[in-house]
Amino acid sequence: MRPTRFHTPFRPFFKPLLRLVIPAFFGAFSLCNIGGFSPAGILSAVLFLLILCFFSLCRKKEEARAGSLPRRFGTVCSLLAALYTLFYLAAEHKNLTGGFDSRLFRLGFVAATAAGLFFLFSACCRLLMLLLSAKGHPAAPSESSPFGPRKAALCFFLLLLCWLPWFLYDYPGVMTPDSLSQFSQAAGLSPYSDHHPLLHTLLIQALYRFGFSLTQNVYFGIACYTAFQMCVLAGVETFCLSALARLGAPRILLGCWLAFWGLLPYNGIFAVTIWKDVLFSAFLLLYALCLLLLLLPETPEGGRAGRRIPRPALLALLFASGWLSCMMRSNGPYVFLFLAPFLLLAFWRKNRAAAYLHLAALVLALIVKGPVYDSLGVEKPAFTESLSIPLQQVARVVSEGRPLTQEQEELIGQVVDVSLIPEYYEPSISDPVKALVLYNNADYLESHRGEFFRLWLELGLAFPRDYAEAFIDQTKGYWFPAPAGLTVNEGISPNELGLAWPHLLRGQIPVKISELLLKMPDFLPLYGLLWSIGAYTWAALFFFAYQFLYGQRRYLLLYLPAFGTILTLLLATPVSSDLRYAYPLILASPLLFTVPLCLRRPPDR
């Protein structure tokens with residue numbers, strides 16, 4: 001005889017509630033741990049109830065759309081949440097141990113925080129994707145567009161007008177030590193070097209000489225280059241707005257992106273800063289736009305929806321922007337090498353010419369930067385410039401006082417005084433250690449690469465935690481949302497070239513306005529995220545996943561130039577968080593965040 005089972009009216013309600021209560025508990029635990037809230041405080045109960053309501057809302061939204069969810073919806077959202085959780089733990093794990101001395105308790109505290117973060121990130125990703133996908137399917141791209149020549153010209157000059165105050169304030173342009181080094185070469189005061197891209201130096205030289213020949217004024221000559229750079233940036237951004245308008249992007253969104261480029265202070269300051277990174281970012285965005293137009297489907301008339309540029313001109317623009325991207329920064333060829341197999345796969349059946357031109361631009365850049373520069377006697381960048389991460393990892397091991405064998409210590413001692421390494425090592429910037437190597441015996445390091453590679457491997461196997469910590473400290477600004485370590489500069493830095501900041505806008509008012517604009521991200525919630533490189537990386541990953549689930553997957557190719565840039569930074573960044581190094585991702589964010597909303601799968605798929 002079977003035992004009697006008692007059915008209560010609470011049983012159907014209890015199970016689903018339990019599935020929400022456990023994730024909500026861990027979510028509240030993680031937020032209390034991160035925020036430093038006391039578990040005994042009333043705020044912990046408020047957090048728990050809010051998270052419980054939030055999870056309940058997410059579950060209801062998902063159940064209501066269960067029949068229309070794309071395949072792998074749950075898997076993709078879970079993977080994205082796991083990636084965000086991994087990034088958060090890697091960057092903040094030292095602050096999430098609860099202050100315990102016991103390894104077991106520390107591990108348990110971190111594990112519980114990880115579980116809570118995963119549940120929170122997963123719910124946020126699911127809900128946001130459901131809300132975005134609930135919007136109506138946009139109209140298909142077409143040749144006709146509300147963004148005509150007049151509006152394009154208006155946007156172009158509006159951007160220049162927004163940047164004009166920065167141009168006048170920083171006249172003739174922001175010049176840091178890197179800029180001054182290139183100007184010294186452009187003015188014939190020092191020999192050419194490819195430490196900073198020679199093509200960029202020659203461009204500065206040509207525009208400087210043009211302006212100087214007209215007025216015999218050094219600052220006017222420099223300002224000619226700055227004006228040229230502003231026009232290039234404004235032109236590429238206007239082209240991007242035009243392309244997004246043809247894809248059906250709402251006018252209000254286009255206006256937001258125009259304000260993003262024109263009014264966000266660092267965009268205006270970068271527009272007048274004489275750096276290779278600015279033009280590199282512009283050319284890389286232009287290259288992505290060319291890819292977008294080539295990926296658009298053909299119209300019945302034989303053209304391509306959303307573009308009016310003839311195919312030969314578009315291919316020429318693709319090649320030119322690709323070659324210039326490879327020439328404008330040392331990691332450019334590596335970005336294009338990363339992109340090559342994906343582009344070949346995307347264009348092999350159709351538009352094969354685009355794949356050939358991509359390879360041609362890469363090969364031509366390597367030839368120019370290699371044999372051609374060698375034949376002209378152009379100095380190459382120091383070998384140590386490419387060793388930021390390995391040098392930091394070895395320096396971390398030495399700084400932590402780890403035991404070295406006599407052979408290892410002697411090998412390091414051939415390059416630098418081992419006792420000086422702890423003094424020079426800084427976790428977030430490799431320049432001090434690189435300078436220590438460069439001004440001692442960098443030639444020995446270059447001539448004994450194999451031995452030092454073995455040393456790097458041996459120390460990594462012996463002290464993997466130190467290597468991991470050094471890598472995290474050196475790169476976390478690019479994959480974890482936090483304030484950027486380095487943002488912008490002003491005017492002309494002190495130098496021995498006789499250049500001084502003219503200060504066209506005198507008085508304290510311009511200075512105070514500039515200070516206020518640059519301090520606002522420190523105290524304005526949400527606005528500060530616009531200054532965080534990691535926030536752009538997380539957002540790009542989210543829209544990449546959204547495009548994978550709801551969009552046409554061939555457009556995932558558009559994200560790869562920006563992702564390739566971030567990956568090269570993870571391999572060789574000299575600074576843990578510098579806006580200019582990640583500027584290709586930031587500049588292209590309007591394209592990357594808008595395309596998934598416009599180029600979605602047809603409703604019947």
Side-chain angles (χ1 to χ4, degrees), residues 10 13-63 77-78 80-131 469 472-473 476-477 479-485 519-535 537-539 542 577:
F10 301 103
F13 172 75
F14 182 73
K15 252 189 175 179
L17 181 63
L18 193 61
R19 293 174 184 172
L20 295 175
V21 168
I22 293 176
F25 170 79
F26 282 106
F29 179 93
S30 64
L31 291 184
C32 286
N33 191 15
I34 292 168
F37 306 127
S38 171
I42 190 63
L43 190 56
S44 64
V46 174
L47 281 175
F48 172 76
L49 291 176
L50 288 175
I51 294 171
L52 185 64
C53 294
F54 175 64
F55 284 175
S56 178
L57 173 65
C58 294
R59 183 176 291 275
K60 288 179 180 179
K61 289 282 187 183
E62 190 169 345
E63 288 175 351
C77 289
S78 296
L80 197 58
L83 191 60
Y84 290 160
T85 302
L86 177 63
F87 287 162
Y88 203 104
L89 291 179
E92 294 291 316
H93 64 280
K94 294 179 182 178
N95 303 321
L96 303 176
T97 58
F100 291 105
D101 295 327
S102 168
R103 281 191 177 183
L104 183 60
F105 284 127
R106 290 162 66 93
L107 181 61
F109 229 76
V110 172
T113 304
L117 286 174
F118 174 79
F119 290 133
L120 288 169
F121 287 138
S122 180
C124 289
C125 290
R126 290 168 183 264
L127 181 61
L128 188 53
M129 287 197 180
L130 290 173
L131 293 176
E469 295 283 0
I472 290 169
D473 289 340
K476 65 181 179 183
W479 45 264
F480 177 70
K519 287 181 179 178
M520 283 174 62
D522 296 333
F523 58 81
L524 277 185
L526 299 181
Y527 177 71
L529 288 175
L530 296 177
W531 296 69
S532 170
I533 301 168
T537 302
W538 282 32
F542 173 84
S577 181

query = Taking everything shown except F100 itself, do over 12 heavy atoms lie less than 6.0 Å from its CZ?
reply = yes

inquiry  = W479 and side chain to side chain contact (heavy atoms under 4.5 Å, CB included): which single residue from I533, L83, I472 fits?
reply    = I472

query = Looking at CG of L80 and CG of L128, how far apart are the two atoms once the value is rounded to the nearest 0.5 Å?
reply = 10.0 Å

Stepwise ring pair (Phe, Tyr, Trp, His ring centres under 6.0 Å) test for F480 and Y88 = CA-CA 7 Å; F480 177 70; Y88 203 104; 5.2 Å; yes

message = Has S30 got a side-chain atom pairing as donor or acceptor with G27's backbone, closer than 3.5 angstrom?
response = yes

task = Ignoring hydrogens and angles, tell me if any N or O in the side chain of T113 forms a donor-acceptor pair with the backbone of F109 under 3.5 Å.
result = yes

key: Full working for side-chain contact (heavy atoms from CB on, under 4.5 Å) between F121 and F87   = CA-CA 12 Å; F121 287 138; F87 287 162; over 6 Å; no

ask   = Between W531 and Y527, what is the ring plane arrangement, given parallel below 30°, perpendicular above 60°, and tilted in between?
value = perpendicular

task = Starting at CZ of F119, measure out to OG1 of T85 and round the result to the nearest 0.5 Å.
result = 10.0 Å

query = F542 and Y84: side-chain contact (heavy atoms from CB on, under 4.5 Å), yes or no, with the steps?
reply = CA-CA 10 Å; F542 173 84; Y84 290 160; 3.5 Å; yes

task = Please round to the nearest 0.5 Å and tell me the distance separating atom CG of L130 and atom NZ of K60.
result = 15.0 Å

ask   = Quick check: does any side chain N or O of S44 sit under 3.5 Å from a backbone N or O of A40, one acting as donor and the other as acceptor?
value = no

request  = Please tell me if the side chains of F55 and L120 come closer than 4.5 Å, counting only heavy atoms from C-beta onward.
outcome  = yes

request  = Working to the nearest 0.5 Å, report the span between CD1 of I42 and CZ of F37.
outcome  = 13.5 Å

Residue L526 excluded, over 12 heavy atoms near CG under 6.0 Å = no

ask   = Side chains of V21 and F48: closer than 4.5 Å at any heavy-atom pair?
value = yes

task = Any chance you could measure F118, atom CZ, to L86, atom CG, to the nearest 0.5 Å?
result = 12.5 Å

key: Donor-acceptor under 3.5 Å (S532 side chain, A482 main chain)   = yes

pair L20-R59: side-chain heavy atoms closer than 4.5 Å = yes

note = The reported gap from CG in N95 to CG in L89 (rounded to nearest 0.5 angstrom) is 11.5 Å

ask   = Between the main-chain N or O of T97 and the side-chain N or O of R106, is there a donor-acceptor pair closer than 3.5 Å?
value = no

ask   = Is there side-chain contact between C58 and R126, with at least one heavy-atom pair below 4.5 Å?
value = no

